[in-house]
Amino acid sequence: MNMELPKAYSPKDVEDRLYDWWDKNGYFTPEGQTFLDPNEKPFVITIPPPNVTGTLHMGHALTSAVEDLMTRYHRMKGARTLWVPGTDHAGIATQSVVEKKLAKEGKNRRDMSRSDFLEEVWDWKEYSHQIITKQQKALGISVDWNREAFTMDDKLSHAVRTAFKMLYDKGLIYRDTRMINWDPVQLTGVSDLEVETEEEGEPGKLWFVRYPLQTNRWEGPKHVWGSGQWAEGATQWITVATTRPETILGDSAVMVNPDDDRYRDIIGCRAILPALGRWVPVISDAAVESGFGSGAVKVTPAHDFTDYDVGKRHHLACIEVMDQHARMTAEAGPYEGLDRFECRTRMVADLEKEGLLVKVEDYMVRLGRGQRSGAVIEPRISLQWFCNMQGMGAAAAASVREGRIRIVPERFDKIWFGWLDNIRDWNISRQLWWGHQIPVWYVQEPDSRIPGSEQAPKQYCELTEAEAYAKAIKDWGADVVLKQDPDVLDTWFSSGLWPFSTLGWPNDTADMRAFYPTTHLETGYDIIFFWVARMVMLGLELTGKEPFDTVYLHGLIRTADGKKMSKSRPDKIIDPLELIDTYGTDAVRFFLVTAGTPGNDIKIDAKKAADGKWQSERIEGARNFANKLWNVTRFVLGKLSPESRVPIASQNTRLGTPDSGLADRWIAARSAQVVADVRRLMNDYQYGEAGKIIYDFIWNDFCDWYVELSKLSLNAPLLVRTLDTALRLLHPFMPYVTEELWQKLKEVAAGSEFQVSSFKSAALILAPFPSTEDSALGTRQSALDDMAALQDVIRAIRNARSEYKVEPNKRVAALVQAGARAAMLNDNRAAIESLARVDGLTIAETLPAPPQAMTYALGEVTVYLPMAGLVDLEAEKKRLADELAAIEGQIVKSEALLASDFAKRAPAQVIEKEKAKLAEAKAKRDQLKERLA
RNA sequence: GGGCGGUUAGCUCAGCUGGUUAGAGCGCCUGUUUUACACACAGGAGGUCACAGGUUCGAUCCCUGUACUGCCCACCA
């Protein structure tokens with residue numbers, strides 16, 4: 001054999017080479033497929049596009065592993081398969097990464113022109129894209145690189161503008177001034193989803209502040225704020241509780257619950273605001289929870305969502321005391337120019353000085369923080385673009401409710417409905433530079449005071465500036481000047497178009513016709529609202545179709561202590577490439593896919609070793625499995641080489657006939673069973689279970705038993721055939737090692753009698769997934785039963801040897817009373833002799849029990865091991881007695897069961913099983929009794 | 001305040017719409033250079049399936065409740 005395989009599998013010698021080979025040959029493309037089953041529908045996934053913010057993490061590795069598994073499985077099943085790769089420009093996230101990078105170089109975006117800054121971001125995008133692509137290739141994803149997309153490609157940008165215009169023209173997109181979440185660090189509005197709150201809240205204070213009330217005897221302060229006498233003479237007070245004393249400056253009312261007896265009398269009175277001395281009314285509103293704090297709430301319409309609504313209800317003034325940086329404005333009087341937190345400190349000190357601070361309590365404050373910046377979000381009134389979601393939300397909910405989209409696992413249905421049924425309009429504009437600039441152009445300095453100007457529109461939503469001009473010129477004359485809206489769209493707006501924008505929408509492309517709607521959408525459950533729901537809503541609205549029929553949600557990767565891998569703890573973040581470097585891609589992927597169940601989080605047991613490398617016992621186990629497969633293939637290849645080849649005439653090749661060897665009939669039956677189970681599980685999204693079944697089959701059945709038995713009597717064609725089946729089953733889980741070994745196997749078998757039909761394929765990636773049809777041998781129960789009995793006998797003898805510490809090389813004698821299995825066991829005596837190291841094997845239907853022997857009652861079969869001089873009679877007696885007691889317990893239980901209503905109510909099959917069990921137990925009991933006697 | 005998970009061997013997790021004696025990997029214990037593999041082989045120990053009720057001939061699985069734990073959503077300042 002000129003292709004000697006190394007003793008251990010070395011992923012590095014295989015992975016890059018095979019990846020390039022697959023890619024180069026077009027195997028990742030639907031056009032490159034050679035095996036197509038006309039009964040299979042096309043299978044299409046668009047990748048969740050990673051952000052071009054840097055590198056991939058373990059979550060991406062999981063995504064890649066699962067999606068590649070799905071893709072390879074369907075491709076091998078013969079479905080026309082397309083997996084579209086790409087990346088996301090990730091507006092805020094990328095812009096902030098680049099800004100941080102610039103800051104390190106001492107540069108600031110605000111000192112640069114918009115176009116200069118964007119150039120920097122594009123450079124970063126290229127850099128990040130390279131890293132990401134390298135990582136994705138290392139993960140082995142079988143995507144069609146010819147169709148790679150980026151959300152800011154010309155093609156996709158056109159789709160974005162088209163989508164915007166379609167929604168705009170329908171009146172679903174509108175511009176409005178309202179209260180939104182404002183990130184004072186990134187200086188942009190964000191959507192509700194981008195605000196994160198700590199479940200427990202964050203440690204803060206609840207300040208109880210009293211405002212003087214106007215009375216007959218006190219008309220207001222006579223001393224200045226800060227004098228310590230500001231409230232001198234005041235006699236009545238109302239105490240409010242607040243976590244944000246600085247917003248007192250923007251108060252325009254104090255409110256209480258209308259049913260609160262404590263305050264009923266002062267409703268309608270005026271209170272005076274500390275510091276500013278502004279009179280505000282005491283109003284009543286049901287929004288107030290009497291039991292909380294003091295039962296009285298300050299109302300700051302410009303800086304709080306609830307208060308904003310209250311303000312509208314009660315026609316209160318909206319006074320902005322903070323600017324976009326969250327610094328105090330001129331409205332804040334003496335506090336103007338202070339940062340909000342500094343202002344808070346000063347305000348509290350001043351309140352205390354003036355005797356207005358009643359008490360302070362520790363309080364867990366639920367702070368909203370920007371998803372990307374971590375900055376405390378300020379509610380702020382601002383002019384933004386919104387998308388009306390009412391209709392689209394209802395349609396998307398209906399898609400799932402009416403079964404046009406299936407969510408796996410199902411329990412996420414509720415979350416889906418809960419969100420969509422209460423959906424609010426989506427703030428889609430961002431005050432950023434990196435992204436899709438909003439395709440709306442304004443007539444310069446529109447002014448409603450100019451007579452007639454309201455006749456012509458002052459803004460134009462078009463796909464291009466030229467089109468906008470064409471219309472504007474008609475309305476305003478040739479010298480009109482337009483200015484494009486400076487805002488960009490929320491990055492999720494373009495992601496929401498992904499399943500169709502990548503295929504060429506809005507154009508009627510061949511890809512749209514062939515591959516849209518797509519099939520599966522696979523992603524982590526954490527972006528179900530951000531992304532999945534938006535895709536469904538926009539897909540329905542813009543294309544009239546659900547963009548996919550199945551949503552498969554995987555869990556999140558967590559650290560060994562169960563924590564999220566957050567960016568704030570970089571020491572906990574694992575680079576998948578590091579693990580791949582240590583264990584190989586297949587090992588990492590097999591671990592990820594078999595580690596859990598759909599929708600459940602995966603804890604990764606990785607620890608840092610002394611050399612600073614990440615280590616994981618579970619991934620090591622998967623690595624060992626790859627190596628096991630490698631070595632068993634080495635064994636098989638060795639048996640096929642001309643010099644060691646067993647003449648075909650001397651082999652038992654009559655597969656599937658009753659007189660072929662037990663081991664052969666058994667492994668064929670097991671293969672068929674495993675293939676059926678794996679297919680069923682894969683079609684039911686139980687990938688982890690499928691992987692474990694393949695693992696067991698390869699390691700336990702094939703390696704530990706079949707190959708061992710092959711050493712006694714070789715059936716090379718079946719050995720090849722079984723290995724081929726195993727490799728094909730495992731390929732979606734461990735693509736590299738299986739392809740490599742399959743190629744070797746095919747090569748060695750070339751031109752020989754060891755052909756199997758899958759070898760017609762050029763590559764394993766394109767070979768047919770095993771089906772139950774090609775294991776035409778079917779499941780032979782008798783082979784499975786016989787083999788189980790044989791294994792029991794061998795295990796019993798091994799067990800005895802071990803218990804009596806018989807030297808490994810020493811052969812022992814054994815007597816087997818085998819009843820109806822005598823003939824079968826006799827046929828396989830060589831297996832017993834070899835695998836259990838027996839010399840002097842007697843097998844008979846019945847035989848007299850030998851003296852001084854270990855006894856193993858296996859039901860129908862009893863094994864005796866004469867161990868003269870070795871057997872400790874007392875110990876043996878005790879062992880048998882214990883076993884007898886156990887079996888008798890079982891019999892009592894079983895008999896009671898069969899005597900109960902069970903016999904009347906349980907299904908016949910179950911009763912039969914129970915009866916058989918009882919019979920076997922009784923046989924065993926008799927054997928034991930006899931033996932003890 | 002609503003909602004959704006989880007609780008099974010020392011650890012990490014499976015357990016397929018209720019039915020033998022509840023499984024795996026790792027770890028642990030005993031052996032082994034058996035001619036593919038020590039990244040291995042053989043043997044073994046180890047579980048009141050969180051708790052309490054209920055339904056059922058039968059419950060790890062279904063129902064109710066409790067405890068602990070994780071997460072999602074929500075305008076109690």
Side-chain angles (χ1 to χ4, degrees), chain A residues 5 7-9 197 199 206 240-244 247 255 287-289 291-294 296-300 304-310 363 365-366 379 411-412 414-415 418-419 422 525-526 528-529 556 558 560 562 564 583 587 594-597 599-605 617-618 620-639 677 680-681 684 686 688-689 692 695-696 703-704 707-708 711 795 798-803 805-809 834-837 886 890 894 897 900-907 909-911 913-914 916-917 920-921:
Chain A
L5 259 50
K7 237 179 139 175
Y9 171 51
T197 49
E199 194 68 18
L206 188 59
V240 299
T242 181
T243 57
R244 308 176 60 202
T247 62
M255 69 176 168
V288 182
E289 199 74 41
F292 185 85
S294 62
V297 189
K298 54 194 270 328
V299 183
T300 321
D304 183 276
F305 282 98
T306 311
D307 294 2
Y308 182 66
D309 292 339
V310 171
Y363 186 69
V365 189
R366 304 196 45 121
R411 68 181 134 92
F412 286 98
K414 267 200 169 176
I415 294 172
W419 191 67
N422 301 296
Y525 65 75
D526 54 331
I528 185 167
F529 306 139
L556 274 29
R558 320 198 80 104
K564 262 187 181 172
Y583 299 107
T594 55
T597 46
N600 284 352
D601 294 349
I602 295 171
K603 260 191 262 185
I604 173 158
D605 63 338
E617 289 177 345
R618 288 206 58 180
E620 191 179 314
R623 191 264 326 253
N624 294 351
F625 178 47
N627 192 56
K628 186 76 180 173
L629 188 64
W630 180 266
N631 274 292
V632 78
T633 305
R634 282 178 69 214
F635 171 83
V636 174
L637 294 179
K639 295 300 173 198
D677 285 347
R680 177 178 51 79
L681 290 166
D684 200 26
Q686 298 190 54
E689 274 302 289
K692 283 174 202 164
Y695 178 99
D696 282 346
C703 294
D704 289 347
V707 163
E708 289 308 315
K711 290 173 181 172
R795 284 201 192 98
R798 283 172 170 173
N799 180 323
R801 296 178 57 107
S802 175
E803 212 157 303
K805 308 211 186 304
V806 177
E807 280 177 34
N809 290 328
S834 166
L835 297 187
R837 303 233 144 198
Q890 231 184 78
S894 191
L897 186 61
S900 71
D901 281 359
F902 171 80
K904 284 178 245 162
R905 307 218 182 188
Q909 210 185 343
V910 177
I911 296 172
K913 244 183 178 174
E914 190 60 33
K917 185 183 124 191
E920 190 169 316

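By convention in this document, chain letters (A, B, ...) are assigned in the order of the sequence lines, proteins followed by strands, and residues within each chain are numbered from 1.
- B/rA38 and B/rU32 have their C1' atoms separated by 10 Å, with the value rounded to a whole Å.
- Side-chain atoms of A/Lys711 come within donor-acceptor range of the base of B/rA36, with a qualifying N/O pair under 3.5 Å.
- Side chain of A/Cys703, nearest nucleotide from B/rA36, B/rA42, B/rC13: B/rA36.
- Listed nucleotides B/rC76, B/rC37, B/rG5 differ in distance to A/Lys7; the shortest reach to its side chain belongs to B/rC37.
- Comparing B/rU30, B/rA77, B/rA36 by their closest approach to the side chain of A/Lys805 singles out B/rU30.
- Counting heavy atoms from C-beta on, the side chains of A/Arg837 and A/Asn809 come closer than 4.5 Å.
- Between A/Trp419 and A/Phe529, the ring planes lie parallel to each other; the angle is under 30°, not in the 30° to 60° tilted range.
- Residue A/Asn624 has a polar side-chain atom (N or O) positioned under 4.0 Å from OP1 or OP2 of B/rA40.
- One donor-acceptor pair, N or O on each side, does fall under 3.5 Å between the base of B/rC39 and the side chain of A/Arg623.
- Contact between the side-chain N/O atoms of A/Lys692 and the OP1/OP2 oxygens of B/rC13 is not found at any separation under 4.0 Å.
- Ion pairing between a basic and an acidic side chain is recognised when a charged N comes within 4.0 Å of a carboxylate O; A/Asp601 and A/Arg558 show such pairing.
- B/rU35 and B/rA42 have their P atoms separated by 14 Å, given to the nearest Å.
- Rounded to whole Å, the P atom of B/rU20 lies 15 Å from the corresponding atom of B/rC49.
- Spacing of C1' atoms, B/rG10 relative to B/rU66, comes out at 28 Å, to the nearest Å.
- The CG atom of A/Asp704 sits 5.5 Å away from atom NZ of A/Lys628, with the distance rounded to the nearest 0.5 Å.
- Pair assignment for B/rA74: none, as no Watson-Crick or G-U wobble contacts are both less than 3.5 Å.
- Between B/rA50 and B/rC61, the two C1' atoms lie 15 Å apart (nearest whole Å).
- Where A/Arg680 and A/Arg618 meet RNA chain B, the nucleotide closest to each residue was compared, and A/Arg618 sits on the side nearer the 5' end.
- For B/rA67 and B/rA24, the P atoms lie 35 Å apart once the distance is rounded to whole Å.
- Of the candidate nucleotides B/rG25, B/rC76, B/rC57, B/rG25 has the atom lying nearest to any side-chain atom of A/Tyr695.
- A/Asp684 and A/Gln686 share a side-chain donor-acceptor pair at under 3.5 Å.
- Using a 4.0 Å heavy-atom distance criterion, A/Val288 is classed as a base contact.
- Counting any heavy atom pair closer than 4.0 Å across all strands shown, A/Thr597 reaches sugar-phosphate atoms only and no base atom.
- The separation between A/Arg411 atom CZ and B/rC73 atom C1' is 16 Å, rounded to whole Å.
- OP1 and OP2 of B/rG2 both lie 4.0 Å or more from every side-chain N or O belonging to A/Lys414.
- Counting non-hydrogen atoms under 4.0 angstrom, A/Ala595 reaches the backbone sugars and phosphates but no base.
- The nearest heavy atom of RNA chain B to A/Gly621 and to A/Asp309 marks one nucleotide each, and the one closer to the 5' end goes with A/Gly621.
- The shortest distance between side-chain heavy atoms of A/Met255 and A/Lys298 does not fall below 4.5 Å.
- Judged by Watson-Crick or G-U wobble contacts below 3.5 Å, the nucleotide B/rA24 has B/rU12 as its partner.
- Residues A/Tyr363 and A/Phe292 place their aromatic rings such that the two centres sit under 6.0 Å apart.
- The side chain of A/Arg798 lies closest to B/rA42 when the candidates are B/rG44, B/rA42, B/rG5.
- In this structure, the nucleotide among B/rA77, B/rG43, B/rC37 sitting nearest to the side chain of A/Ala241 is B/rA77.
- For the pair A/Arg634 CZ and B/rA40 C1', the computed distance is 12 Å after rounding to whole Å.
- One atom, CD of A/Glu617, and another, P of B/rG10, lie 16 Å apart when rounded to the nearest Å.
- Heavy atoms of A/Phe305 sit nowhere under 4.0 angstrom from any nucleic acid atom.
- Exactly one residue among A/Glu803, A/Arg801, A/Arg795 makes a side chain to side chain contact (heavy atoms under 4.5 Å, CB included) with A/Asn799. That residue is A/Glu803.
- In this structure, A/Tyr363 does not reach the B/rC76 phosphate: none of its side-chain N or O atoms is under 4.0 Å from OP1 or OP2.
- The distance from atom CD of A/Glu620 to atom C1' of B/rC26 is 9 Å, rounded to the nearest whole Å.
- Comparing the P positions of B/rG58 and B/rC76 gives an interatomic distance of 48 Å, to the nearest angstrom.
- Look at CZ on A/Arg244: it is 11 Å from P on B/rA77, rounded to the nearest Å.
- In this entry B/rG5 has B/rU69 as its Watson-Crick or G-U wobble partner, both defining distances falling under 3.5 Å.
- A donor-acceptor contact under 3.5 Å links the side chain of A/Glu708 to the base of B/rA36.
- B/rC62 and B/rG54 make up a base pair, with Watson-Crick or G-U wobble contacts both under 3.5 Å.
- The listed nucleotides are B/rC16, B/rC37, B/rC71; the one nearest the side chain of A/Asp684 is B/rC16.
- Look at CZ on A/Phe635: it is 16 Å from P on B/rU34, rounded to the nearest Å.
- Between the CG atom of A/Asp605 and the C1' atom of B/rG27 there is a distance of 12 Å, given to the nearest Å.
- The side chain of A/Arg366 approaches B/rA74 more closely than any other nucleotide in the set B/rU56, B/rA74, B/rA36.
- Between A/Tyr525 and A/Phe412, the ring planes lie parallel to each other; the angle is under 30°, not in the 30° to 60° tilted range.
- Across all strands shown, B/rU30 is found opposite B/rA42 as a Watson-Crick or G-U wobble partner, with both distances under 3.5 Å.
- Looking at A/Thr597 and A/Asn600, their side chains do bring a donor and an acceptor atom within 3.5 Å of each other.
- Neither OP1 nor OP2 of B/rC73 sits under 4.0 Å from any side-chain N or O of A/Asn422.
- Taking only side-chain atoms of A/Pro808, from C-beta outward, the nucleotide of B/rC16, B/rG5, B/rG31 with the closest atom is B/rG31.
- Residue A/Ser802 is classed as a sugar-phosphate contact, given heavy-atom separations below 4.0 Å to backbone atoms only.
- Nearest to the side chain of A/Glu289, among B/rC76, B/rC37, B/rG43, sits B/rC76.
- Distances shown here put a side-chain N or O of A/Lys628 below 4.0 Å from the OP1 or OP2 atom of B/rC41.
- B/rU21 and B/rC26 have their P atoms separated by 27 Å, with the value rounded to a whole Å.
- Note: CD (A/Glu807) to C1' (B/rU34) measures 15 Å, nearest angstrom.
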